[in-house]
Amino acid sequence: MAQTQTGENGEVLLRLHNVCMDFGRVRALANVALEIRRGEIHSIIGPNGAGKTVLLNCISGLYHPQEGDVLLKGTRINHLNPHRRAQLGIARTFQKIELFKGMTVLDNIRLGRHLHLKSGIMSGALYVGKTAREEIQQRAFIEEQIIELLEIAHIRNRVVGMLPYGLQKRVELGRALALQPELILLDEPLAGLNLEEVEDMARFILDINEEE
Ligand SMILES: Nc1ncnc2c1ncn2[C@@H]1O[C@H](COP(=O)(O)OP(=O)(O)O)[C@@H](O)[C@H]1O
Ligand SMILES: [Mg+2]
């Protein structure tokens with residue numbers, strides 16, 4: 001497990017202690033421990049089948065480890081489902097891109113946030129009043145910031161499924177950012193990208209970490 005450090009003694013956001021996950025006889029995670037502070041960027045490296053995705057799934061709530069603790073800012077979150085963890089500030093991308101391919105870039109970014117934070121589209125549609133308007137403005141502002149940061153203004157109204165793979169990866173990152181997460185889990189963020197796209201993605205990840 002390698003780690004690049006950029007935070008300086010920030011608050012501990014995530015702590016894993018003695019995490020074990022088995023699938024039948026296959027032990028995917030054995031006594032995993034790690035500590036991630038605000039402002040840090042960590043990389044988990046290992047060959048195919050090493051357990052990287054399982055580890056991210058245990059953090060995002062898709063899987064529940066049989067043993068050990070997953071702590072977010074000191075609170076044990078083992079029992080919480082992915083929705084709840086998203087609400088608490090954990091966002092992620094997937095190894096196999098999971099976007100709404102028939103929808104536009106902007107709608108994917110919007111809906112990503114909506115699906116995680118609200119109970120459904122209708123609750124958003126019926127949401128009225130001054131605070132609601134303010135929240136909508138605030139959200140639009142966040143969307144614009146994301147689009148600018150990831151340099152996807154030129155494709156904002158394009159249908160995602162028609163975009164090249166490298167841009168789809170960027171949109172997926174944008175969707176994760178729309179949650180305004182405290183912690184972002186990126187599963188294979190560089191896989192399948194060409195050299196230029198790798199450099200761009202690395203720059204975006206650094207920029208995001210700077211932005212807070
Ligand atoms: N849902 C599952 N059911 C059974 N075995 C699984 C499941 N998910 C992962 N595994 C197994 O756990 C191990 C780690 O897989 P994974 O985390 O996907 O590896 P990678 O490091 O390539 O992301 C592999 O042996 C894999 O077959
Ligand atoms: Mg994987």
Side-chain angles (χ1 to χ4, degrees), residues 1-5 13-37 40-72 76-86 88-101 108 112 115-116 150 160-161 163-179 181-206 208-209:
M1 192 172 292
Q3 117 178 15
T4 342
Q5 236 267 96
L13 274 183
L14 181 76
R15 178 175 281 137
L16 264 59
H17 177 247
N18 193 34
V19 169
C20 301
M21 177 103 213
D22 297 326
F23 297 99
R25 288 219 199 121
V26 176
R27 169 142 285 206
L29 301 178
N31 297 312
V32 175
L34 63 84
E35 188 179 276
I36 295 175
R37 290 172 184 272
E40 290 179 345
I41 299 173
H42 290 245
S43 306
I44 298 161
I45 57 172
N48 264 344
K52 304 179 295 293
T53 297
V54 171
L55 180 63
L56 296 188
N57 286 346
C58 286
I59 299 169
S60 70
L62 233 41
Y63 291 168
H64 298 273
Q66 284 97 350
E67 279 179 56
D69 304 308
V70 181
L71 303 160
L72 184 68
R76 196 167 185 274
I77 57 167
N78 286 50
H79 56 290
L80 300 181
N81 66 28
H83 266 62
R84 191 73 195 103
R85 293 191 203 192
L88 293 176
I90 300 178
R92 72 170 296 174
T93 65
F94 293 86
Q95 185 163 352
K96 194 172 162 290
I97 294 176
E98 299 209 359
L99 289 165
F100 297 98
K101 304 266 177 176
N108 266 280
L115 288 178
H116 276 102
L150 298 179
V160 162
L163 295 172
Y165 181 78
L167 282 177
Q168 291 193 23
K169 286 274 249 209
R170 241 195 263 183
V171 175
E172 214 200 6
L173 178 56
R175 193 184 59 169
L177 284 178
L179 275 172
E182 297 202 73
L183 178 72
I184 311 180
L185 310 167
L186 306 174
D187 199 353
E188 306 278 5
L190 306 179
L193 300 185
N194 66 34
L195 184 60
E196 194 189 335
E197 290 167 337
V198 165
E199 286 173 356
D200 283 343
M201 188 60 83
R203 181 164 52 84
F204 295 138
I205 292 169
L206 291 171
I208 290 162
N209 196 44

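Keep in mind the model is a prediction, meaning the values are calculated, not measured. One-based numbering, in listed order, for ligands and for the atoms of each.
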Inset, instruction - For a side-chain contact (heavy atoms from CB on, under 4.5 Å) with Ile90, tell me which candidate from Leu56, Leu80, Ile77, Leu179 qualifies. - result: Ile77
Give the residue and atom name of whichever protein heavy atom lies nearest to [atom], and the separation in Å to one decimal.
atom	result
atom 17 (O) of ligand 1	Val54 N, 2.9 Å
atom 22 (O) of ligand 1	Gly49 N, 2.8 Å
atom 5 (N) of ligand 1	Phe23 CG, 3.3 Å
atom 8 (N) of ligand 1	Tyr63 OH, 3.4 Å

Is the backbone N or O of [Y] less than 3.5 Å from a side-chain atom of [X], with the two atoms forming a donor-acceptor pair by type?
X	Y	value
Asn78	Pro65	no
Arg76	Asp69	no
Glu172	Leu99	no
Glu199	Glu196	no
Gln168	Leu163	yes
Arg27	Cys20	no
Arg175	Glu98	yes

Legend entry - Non-hydrogen protein atom less than 4.0 angstrom from atom 19 (O) of ligand 1: yes
Inset, instruction - Output yes when a protein non-hydrogen atom is found under 4.0 Å of atom 2 (C) of ligand 1, and no otherwise. - result: yes
Legend entry - For Ala50, the ligand 1 atoms whose distance to one of its heavy atoms is below 4.0 Å: 19 (O), 20 (P), 21 (O)
Inset, instruction - With heavy atoms of Asn48 as the reference, note each atom of ligand 1 found under 4.0 Å away. - result: 22 (O)
Legend entry - Any N/O pair Val26/ligand 1 closer than 3.5 Å: no
Legend entry - Contact (N/O only, under 3.5 Å) between Ala28 and ligand 1: no
Inset, instruction - Report the angle formed at the Mg ion (ligand 2) by atom OE1 of Gln95 and atom OG1 of Thr53, rounding to the nearest 10°. - result: 80°
Inset, instruction - Tell me, please: is Gly51 in heavy-atom contact with ligand 1, that is, under 4.0 Å? - result: yes
Inset, instruction - Report yes or no: does Pro47 have a heavy atom closer than 4.0 Å to ligand 1? - result: yes
Legend entry - Side-chain ion pair, Arg37 and Glu35, N-O less than 4.0 Å: yes
